[in-house]
Amino acid sequence: MKRLLTLLILLTAILSTDLKAQNRDHRWAIGAGVSVVDFSGPMTKEFFEFDQFKGIGRVYFSRYLNSSLNTKLDYNFGKVWAPVVDPVNGYPNTLEGIYEAQFMHAASLTLEYKFDNGYIFREEAVVGPYIFAGIGGNYLYDDFNSIVPVGFGLNIRPTKWMTLNMQFGYNFNIDNSYKYTQHSFGAHFNLGKGKTQKEPKATDADGDGISDNEDECPFSYGTAEYFGCPDSDGDGVADKDDNCPTTAGLKENAGCPADRDAEVKDQVYFEIGSINLTAEQKKTLDNVAQYLEDNPDYDINVVGHASTTNGTDERNMALSIRRAEQVYLYLRSKGVESERMTLIGKGSHDPEFDSEEDAKNRRVQVEVYK
């Protein structure tokens with residue numbers, strides 16, 4: 001027993017310098033302790049007769065497989081109170097109630113199902129119960145015997161680097177030999193420094209020199225001045241904040257030119273969430289293009305609007321700008337010069353109709369001014 005305690009103290013001193021909790025990053029553990037073995041209980045069915053218990057040494061290695069499973073290689077050694085073989089009838093017959101000290105070696109490989117797996121109890125729980133089963137063997141009476149160990153255990157974690165272990169098992173013998181119970185107590189220490197967490201590699205999708213995690217417009221080439229966003233019209237207002245992104249304007253006017261006297265020449269209406277121009281809308285815009293051709297002194301504002309009863313403010317603002325862009329692009333295809341058009345998005349902030357006629361708010365107005 002003194003040698004066993006000395007081994008346990010030395011093992012603690014050696015391993016406690018660099019040990020962590022056993023998990024997917026610290027998969028291996030090594031432990032030591034004592035086991036008490038009882039052959040009389042399975043024979044007499046009177047378990048926990050402590051005068052028949054005999055303590056032996058124990059060392060084991062544990063391997064984390066996943067959150068629910070561990071595997072363990074367990075080795076026990078020392079003198080046990082073993083049944084005395086009947087000298088007349090021979091092994092495996094015994095003399096009833098008579099036991100003698102015999103040296104035994106026993107090893108087993110078991111699979112443990114853990115209840116602290118994140119499904120039943122928390123993985124980081126201080127107390128972790130488990131059940132186990134496996135296969136093994138012992139060497140006793142100069143003979144090797146196969147065993148099937150089953151049972152349950154508890155892992156108690158007083159610190160991150162050490163786990164106390166209690167295990168209660170029954171060993172079935174499959175070689176016509178002797179069954180026995182084995183109750184083990186020990187501590188194990190979890191090995192390794194764990195996997196080094198790699199810093200995520202910075203990406204720059206738009207190639208503007210600003211990493212995506214700092215770029216407010218990661219898919220549009222921009223500048224550091226506007227936090228990675230472009231300013232297409234160079235008016236000092238980033239496109240994401242510019243209601244008139246293709247026409248230079250004023251900061252105080254959300255990137256649009258100063259208000260000018262203008263009257264609505266025409267307007268086209270859209271379905272919910274749509275930016276597509278119908279054939280009928282294109283006929284209306286053909287008339288606008290003809291008007292501008294006939295009146296070269298006039299310019300226009302292309303003003304997009306969105307519904308007041310659907311979508312968020314941000315979505316509606318983006319939708320109004322995309323509708324205005326479709327009208328702008330169609331008029332460009334009909335020969336209207338870009339410098340004669342100012343694109344403006346107002347989202348749902350300037351409705352012309354109340355909620356009962358909200359469909360009419362999904363529109364693009366063409367405002368003519370001189």
Student check: side-chain heavy atoms of Arg63 and Asn70 closer than 4.5 Å: no
Could you tell me whether the side chain of Asp175 and the main chain of Ser146 form a donor-acceptor pair under 3.5 Å? yes
Would you check if Tyr119 and Ser68 make a side-chain contact, meaning some heavy-atom pair closer than 4.5 Å? yes
Quick check for you: to the nearest 0.5 Å, what is the distance between Asp266 atom CG and Gln281 atom CD? 11.0 Å
Is Asn76 close to Gln182 at the side-chain level, that is, under 4.5 Å between some pair of heavy atoms? yes
Let me have the donor-acceptor pairs involving side chains of residues 289-298, under 3.5 Å, with sequence neighbours excluded, atom names and distances please.
unit_1, atom_1, unit_2, atom_2, d
Gln290, NE2, Asp294, OD1, 3.0
Gln290, NE2, Asp294, OD2, 3.4
Asn295, ND2, Tyr291, O, 2.8

Between Phe39 and Met104, is any pair of side-chain heavy atoms under 4.5 Å apart? yes
Intermediate values then yes/no, side chain to side chain donor-acceptor pair (under 3.5 Å), Asn165 and Asn155: CA-CA 5 Å; Asn165 175 253; Asn155 285 319; 3.0 Å; yes
Work out which heavy atom in Phe121 is nearest to a heavy atom in Pro129; give both atom names and the distance. CE1-CG, 3.8 Å
I'd like to know whether CZ of Phe103 has more than 12 heavy-atom contacts from other residues, nucleotides or ligands below 6.0 angstrom. yes
Considering only heavy atoms from C-beta outward, does the side chain of Tyr330 approach that of Tyr328 to under 4.5 Å? no
Below 30° counts as parallel, above 60° as perpendicular, anything between as tilted: where do the rings of Tyr130 and Phe132 land? tilted
What I'd like to find out is whether the side chain of Pro87 reaches to under 4.5 Å of the side chain of Leu95, using heavy atoms alone. yes
Please say whether more than 12 non-hydrogen atoms of neighbouring residues, nucleotides or ligands are located less than 6.0 Å from CZ in Phe144. yes
State the CG-CD distance between Asn276 and Glu271, to the nearest 0.5 angstrom. 10.5 Å
Are the side chain of Ser320 and the backbone N or O of Gly347 linked by a donor-acceptor pair below 3.5 Å? yes
Just jot down the side chain to side chain contact (heavy atoms under 4.5 Å, CB included) partners of Gln102, sequence neighbours excluded, or say none. Ala82, Glu100, Leu140, Tyr141
Check the pair Tyr170, Phe172 against ring pair (Phe, Tyr, Trp, His ring centres under 6.0 Å), reporting the backbone distance first and the verdict last. CA-CA 6 Å; Tyr170 193 100; Phe172 294 92; 4.8 Å; yes
Given side chains that start at C-beta, do those of Ser348 and Asn361 come closer than 4.5 Å, heavy atoms only? no
Heavy-atom side-chain proximity of Leu331 to Met341 below 4.5 angstrom: yes
Mind running salt bridge (Lys or Arg N to Asp or Glu O under 4.0 Å) on Arg157 and Asp116 for me, showing each step along the way? CA-CA 12 Å; Arg157 305 178 182 91; Asp116 52 332; 2.7 Å; yes
Between Val327 and the options Thr284, Leu343, Leu277, the side-chain contact (heavy atoms from CB on, under 4.5 Å) test singles out Leu277
Rounded to the nearest 0.5 angstrom, the NZ-NE2 distance for Lys346 and His305 is 5.5 Å
Before giving the answer on ring pair (Phe, Tyr, Trp, His ring centres under 6.0 Å), spell out for Phe168 and His183 the whole-Å C-alpha distance, their side-chain angles and the decisive distance to 0.1 Å. CA-CA 4 Å; Phe168 308 91; His183 311 309; 5.8 Å; yes
Regarding Lys72 and the six-membered ring of Tyr60, is the cationic atom NZ or CZ under 6.0 Å from the ring centre and inside 45° of its axis? yes
Donor-acceptor contact below 3.5 Å, side chain Arg323 vs main chain Ile275: no
With a 6.0 Å cut-off (strictly less than), is the heavy-atom count around CD of Glu280, excluding the residue itself, greater than 12? no
In terms of heavy-atom contacts, does OH of Tyr226 have more than 12 from other residues, nucleotides or ligands at under 6.0 Å? yes
Around atom CZ of Arg340, are there more than 12 heavy atoms of other residues, nucleotides or ligands at under 6.0 Å? yes
Rounded to the nearest 0.5 Å, what's the gap from CZ on Phe53 to OG on Ser40? Could you check? 7.5 Å
